[in-house]
A.B. asks: 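Got a structure here, written out as C-alpha cells. Questions coming.
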Amino acid sequence: MTNFDPYSRLIFLDNEYHVSQSPNQHKVLNPANLNHEGTIALCSTQEVEQVISRAKEAQQKWKREDEKTRARILHQIASSIEDGDLSEVAKLMVLEEGKPYPEAIGELANCAPIFRYYAEMARDEGGLLPGTTQTGSFQFSKYFPYGVSAHIMPFNYPIIVMCWTVAASLAAGNACIVKPSEATSLCTLKFMEHFKILPSGLVNCVTGGAETGQALVESKNINAVAFTGSVEVGRSIAVSCARQMKPAIIEAGGSDPMIISQHAPLDVAVPGCVMSAFHLSGQICVSSERFFVHEAIYDEFVQRFVAMTKQLRIGPGLEESEIGPLVSESAREKVIRLIEEAVSNGATIECGGRIPLHLTQGWFYEPTILTGVTKDMAVMREESFGPVAAICKVGSFEEALDLANHTDFGLGASIFTSSMDEAFKAYNILEAGMVWVNNPLIDNDALPFGGWKMSGIGREMGRQGLDAFRQTKMGVIDTKPEIQDWWYPYSDDWFYSGKGRQV
Ligand code: NAD
C-alpha cells in the first residue's frame, strides 16, 4: 500500500489521520485466507465525544455558508473521486471484506454522482412559499440542518452507502461522523482523503464496534443518525434515538422474493437470477433469497439456474473469480445452519451446500440452490445474507405474490415476466420499498431507497434522502405590527352566534 499503513490504529479527524488514543483494538482478518491485514482502534466514548465536539465547531460555520458555496465544495469532492486513483481503496476493500475486485472498483466508480446530485438539489429548493392567509403577512418555511449526523455503516457496501447519506447531510448543512463496520474500516479511512477538500472537521471517521456505535447514537451532541445494517441493530438504534427524539434513518435487512412467472423470458431470467442471488456471495441487502417459480416453467428454470450457478468461479477477490468468501465465520455458520435446517425438513440441495474442497482456509461457501422449500422453513423466514437461493414451486401468479408478501421484511422484490399485466400487478401488490421487473438490483440516486415493514424507517437518496437531514422552520413575518381582530377580548358575536371564526 502506498502512503498508507493499514496496520496503524487511525481515526480521521480535522482532515488528518491521527492515531487513536484507545488502547483497545480489533484485528482485521482477510476472509479469503485469514491473514492479519491490519488493526483498528475501538474508540472510546470519550474519544468519540472529542471528535463530535470538533465536528460541532466546524458545523457552526458550514451551516451559515450559502447553498452555492456548499454546492461548489460538494462538486469538488465528486471531482476528486472521479479523478482519483481508487485502486488502493478497492484493494483494501477486497482484503478486508472479501469483495471481488471488479465489484469493489465498481462500487467506488459510482460514488461521485450523489455529491453532484445533492449539491444541486439543496441549491434548487430551500423551502416553501405558499399563498398567505392574511394580506401583508409573509408566511413561509425554510430548511435548516440538524447539526452533527452520525453514519453507522454496514460491511457490504461500505463506501457507496456512506456517500449516499454523507452527501445529503453535508448538502443540508450538517457535519458528519462516520463509523464504519469493523470489517471495512481500513478502506473507509483511506477513502476519507477525498473529504480533505472540505473545511476541516466537517467529515470525520471513528472506528470500533457496537460500543463505539452506541456512544455516537446516545451522545446528546449527535443530532441525527443514519444507520444501515441488520434489523436487530437497527431496532436498538431506533429505540435509542426515539428516547432522545432524535431523527434516524434505519436501512435494515431484507429477504427479497424473486418471482419467475410462466411468461418469464428464461434466457434473461436465468442469468438475472444468478446475479441477484449470488452477487457478492448473496451479501446484498436486496439479494434475491426466496424464489417463487411457476410450475409451467419450473423444471426448465431450475435445470438452467443450477447449470449456470455451477459455472461461477469461487476464489479470493484479487484473483479471477465471481464468488468471494463470506465476511466472517459467523456469517458462514448462519448459512450452514439455514441450509441444514431446510434439508432436515425435506428440502433438496440442487447444487452447492458445502465449503469448496479447494478453499478450506477462508470463509468460502459454494453458491447453493435449494428446492422443495416451504414457507415455514427458517431459510424463508430469516435473512440468510449468503449464497443461498431457496426455491418454491407455485401453481399461479397470485400464489407467488401471496408467498412473496409472506414475510416480516419489505426491502426489495423482483419478478421476471414478459406480461405487462403481471409487471404492473407485481409492482402494485408486492409489499416492498423497491420493485424490479426484469432488471433486479438497480438503484438510482434520484429515487428513494429503503424498506417497508421490518426493513427500515425513512429513505436514502432522492429528495427524501435530503429531507432526512434537514428540518423545516415555519416563518410568519409581519413587518407592520397590528392588533389582530381575533385577539382578546372576544366579541359578543363569538359567544352567541354559534359559529367559530376563521383566521
Ligand atoms: P450490523 O447490523 O451487524 O452492523 C452494522 C453497523 O452497526 C456496524 O458498523 C456495527 O459496528 C454497528 N453496530 C453494531 N451494533 C451496534 C449497536 N448496538 N449500536 C450502534 N452500532 C452498532 O450489519 P452488517 O453485518 O454490517 O451488515 C449487514 C446487514 O446490513 C444486513 O442485514 C443487510 O441486509 C443490511 N443492509 C441494509 C441495506 C439497506 O439499504 N437497507 C444496505 C446494506 C446492508
Side-chain angles (χ1 to χ4, degrees), residues 26 28 31 40-43 45 48 96-99 107 150-165 177-185 187-188 205-219 222 225-241 243 246 248-256 279-289 326-332 334-335 382-386 407-412 432-434 441 443 447-462 464-465 468:
H26 170 83
V28 178
I40 61 164
L42 302 175
C43 293
T45 303
V48 165
E96 290 177 282
E97 182 195 334
K99 182 175 283 194
E107 174 178 344
H151 303 252
I152 301 186
M153 292 294 118
F155 76 84
N156 61 339
Y157 283 93
I159 307 294
I160 195 159
V161 170
M162 178 214 5
C163 289
W164 290 350
T165 55
I177 299 178
V178 176
K179 207 295 284 168
S181 159
E182 302 89 306
T184 40
S185 295
C187 62
T188 306
C205 178
V206 294
T207 59
E211 282 180 26
T212 309
Q214 266 165 357
L216 277 167
V217 171
E218 281 169 19
S219 169
I222 287 291
V225 173
F227 166 81
T228 305
S230 59
V231 168
E232 191 192 352
V233 176
R235 191 182 356 217
S236 80
I237 289 180
V239 168
S240 197
C241 289
R243 257 189 246 116
K246 198 179 279 187
I249 315 180
I250 306 292
E251 293 291 351
S255 176
D256 283 13
H279 193 57
L280 193 53
S281 300
Q283 299 172 113
I284 306 186
C285 54
V286 289
S287 292
S288 301
E289 297 199 349
L326 288 160
V327 72
S328 64
E329 188 163 16
S330 62
R332 185 169 70 175
K334 178 172 191 188
V335 166
E382 297 179 29
E383 178 183 41
S384 72
F385 218 56
T407 171
D408 291 337
F409 299 107
L411 195 53
M434 283 87 59
L441 301 181
D443 56 54
L447 291 174
F449 190 95
W452 288 20
K453 303 198 267 189
M454 293 303 286
S455 291
I457 307 171
R459 294 290 179 269
E460 293 176 352
M461 300 202 283
Q464 283 170 278

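Just follow the structure's listing: the first ligand is 1, and inside any ligand the first atom is 1. Along the sequence shown, residues carry numbers from 1.
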A.B. asks: Ignoring hydrogens and geometry, is there a side-chain-to-backbone donor-acceptor pair from K99 to L280 under 3.5 Å?
C.D. replies: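 No, because the side chain of K99 does not come within donor-acceptor range (under 3.5 Å) of the backbone of L280.
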
A.B. asks: Taking atom NZ of K179 and atom OG1 of T212, what is their separation to the nearest 0.5 Å?
C.D. replies: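 Output value for this atom pair is 6.5 Å.
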
A.B. asks: Does S230 reach ligand 1 with a nitrogen or oxygen that is under 3.5 Å from one of the ligand's nitrogen or oxygen atoms?
C.D. replies: yes

A.B. asks: Out of curiosity, C285 SG to M434 CE, how far, rounded to the nearest 0.5 Å?
C.D. replies: 6.5 Å

A.B. asks: Tell me the contacting part of L216 for ligand 1: side chain, backbone, both, or neither, using a 4.0 Å heavy-atom threshold, strictly below.
C.D. replies: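 For L216, there is no contact with ligand 1 at all, from either part.
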
A.B. asks: Looking only at distances, can you tell me whether any N or O atom of V231, backbone or side chain, sits closer than 3.5 Å to an N or O atom of ligand 1?
C.D. replies: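 For ligand 1, there is no N or O atom that lies under 3.5 Å from one belonging to V231.
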
A.B. asks: Rounded to the nearest 0.5 Å, what separation is found between the NE2 atom of H279 and the OG atom of S288?
C.D. replies: 12.0 Å

A.B. asks: Tell me, which protein residue and heavy-atom name are nearest atom 35 (C) of ligand 1, and how many Å apart are they?
C.D. replies: G229 O, 3.2 Å

A.B. asks: Have a look at T165 and tell me which of E460, E251, H151 forms a side chain to side chain donor-acceptor pair (under 3.5 Å) with it.
C.D. replies: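 The passing option is H151.
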
A.B. asks: Enumerate the atoms of ligand 1 whose separation from the nearest heavy atom of F449 is less than 4.0 angstrom.
C.D. replies: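 Taking each heavy atom of F449 in turn, ligand 1 has 40 (O) under 4.0 Å.
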
A.B. asks: Between M461 and L447, what is the shortest heavy-atom contact and its length?
C.D. replies: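 Minimum heavy-atom separation between M461 and L447: CB-O, 3.5 Å.
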
A.B. asks: Give me the residue, atom name and distance of the protein heavy atom closest to atom 18 (N) of ligand 1.
C.D. replies: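 The closest heavy atom on the protein side is Q214 NE2, 3.4 Å.
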
A.B. asks: With a 4.0 Å cut-off on heavy atoms, is G456 in contact with ligand 1?
C.D. replies: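 Flag not set, G456 not near ligand 1.
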
A.B. asks: Which of the atoms of ligand 1 are close to L411, meaning less than 4.0 Å from one of its heavy atoms?
C.D. replies: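 Within the 4.0 Å cut-off of L411, ligand 1 contributes 41 (N).
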
A.B. asks: Of all the heavy-atom pairs spanning I249 and A468, show the shortest one and how long it is.
C.D. replies: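 In this case the closest contact between I249 and A468 is CD1-CB, 3.4 Å.
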
A.B. asks: List the atom of P31, the atom of V327, and the distance in Å for their closest heavy-atom pair.
C.D. replies: CB-O, 3.8 Å

A.B. asks: Could you find the nearest protein heavy atom to atom 26 (O) of ligand 1 and give me its residue, atom name and distance?
C.D. replies: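 It is F155 N, 3.2 Å.
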
A.B. asks: Would a 4.0 Å cut-off, counted as strictly less than, catch a protein heavy atom around atom 4 (O) of ligand 1?
C.D. replies: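 Under the 4.0 Å cut-off, atom 4 (O) of ligand 1 has no protein heavy-atom neighbours at all.
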
A.B. asks: Check for a donor-acceptor pair, side chain of N156 on one end and backbone N or O of Q283 on the other, with a separation under 3.5 Å.
C.D. replies: yes

A.B. asks: Touching ligand 1 at all, G451? Heavy atoms, strictly under 4.0 Å?
C.D. replies: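 Per 4.0 Å heavy-atom rule, G451 does not contact ligand 1.
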
A.B. asks: Contact between V161 and ligand 1, counting heavy atoms under 4.0 Å?
C.D. replies: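 Per 4.0 Å heavy-atom rule, V161 does not contact ligand 1.
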
A.B. asks: Any idea which atoms of ligand 1 are less than 4.0 Å away from a heavy-atom of E182?
C.D. replies: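 Matching atoms, with element in brackets: 10 (C), 11 (O).
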
A.B. asks: What residue and heavy atom of the protein are closest to atom 8 (C) of ligand 1, and at what distance?
C.D. replies: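 Nearest neighbour among protein heavy atoms for atom 8 (C) of ligand 1, to 0.1 Å: M153 O, 3.2 Å.
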
A.B. asks: So is T228 polar-close to ligand 1, meaning N/O to N/O under 3.5 Å?
C.D. replies: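 In this structure, T228 places no N or O atom under 3.5 Å from an N or O of ligand 1.
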
A.B. asks: For atom 41 (N) of ligand 1, grab the closest protein heavy atom and report residue, atom and distance to one decimal in Å.
C.D. replies: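 The protein heavy atom lying closest is A252 O, 2.8 Å.
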
A.B. asks: Check each atom of ligand 1 against the heavy atoms of S181 and keep those under 4.0 Å away; list them by number with element.
C.D. replies: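 What qualifies from ligand 1 is 9 (O).
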
A.B. asks: On a heavy-atom basis, I'd like to know which of T212, N156, T184 is closest to atom 44 (C) of ligand 1.
C.D. replies: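 When every heavy atom of T212, N156, T184 is considered, N156 comes closest to atom 44 (C) of ligand 1.
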
A.B. asks: Which residue owns the protein heavy atom closest to atom 12 (C) of ligand 1, what's the atom, and how far is it?
C.D. replies: I152 CG2, 3.7 Å

A.B. asks: Ignoring hydrogens and geometry, is there a side-chain-to-backbone donor-acceptor pair from E289 to F385 under 3.5 Å?
C.D. replies: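 A pair under 3.5 Å: yes.
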
A.B. asks: Side chains of C43 and T207: closer than 4.5 Å at any heavy-atom pair?
C.D. replies: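 Counting from C-beta outward, C43 and T207 do come under 4.5 Å.
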
A.B. asks: F227 heavy atoms, cut-off 4.0 Å: which ligand 1 atoms fall inside?
C.D. replies: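 Numbered from 1, ligand 1 contributes 2 (O), 5 (C), 6 (C), 7 (O).
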
A.B. asks: With sequence neighbours left out, what residues match Y157 under ring-ring contact (aromatic ring centres under 6.0 Å, His included)?
C.D. replies: none

A.B. asks: Report the nearest protein non-hydrogen atom to atom 13 (N) of ligand 1: residue, atom name, distance rounded to 0.1 Å.
C.D. replies: V233 CG1, 3.8 Å

A.B. asks: How does E383 reach ligand 1, if at all, at less than 4.0 Å between non-hydrogen atoms: by side chain, backbone, both, or neither?
C.D. replies: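 The answer is the side chain.
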
A.B. asks: Return the minimal non-hydrogen interatomic distance between C187 and P158, and the atom names on each side.
C.D. replies: SG-CG, 4.1 Å

A.B. asks: Would you mind telling me if ligand 1 is within reach of the side chain of F385, the backbone, both or neither, using heavy atoms under 4.0 Å?
C.D. replies: side chain

A.B. asks: Checking side chain to side chain contact (heavy atoms under 4.5 Å, CB included) between S185 and each of I40, V206, V28, which is the one that passes?
C.D. replies: I40

A.B. asks: For the pair R459 (side chain) and G451 (backbone), establish whether a donor and an acceptor sit closer than 3.5 Å, ignoring hydrogens and angles.
C.D. replies: yes

A.B. asks: Which residue owns the protein heavy atom closest to atom 10 (C) of ligand 1, what's the atom, and how far is it?
C.D. replies: K179 NZ, 3.6 Å

A.B. asks: Report yes or no: does P180 have a heavy atom closer than 4.0 Å to ligand 1?
C.D. replies: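 Under 4.0 Å: yes for P180.
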
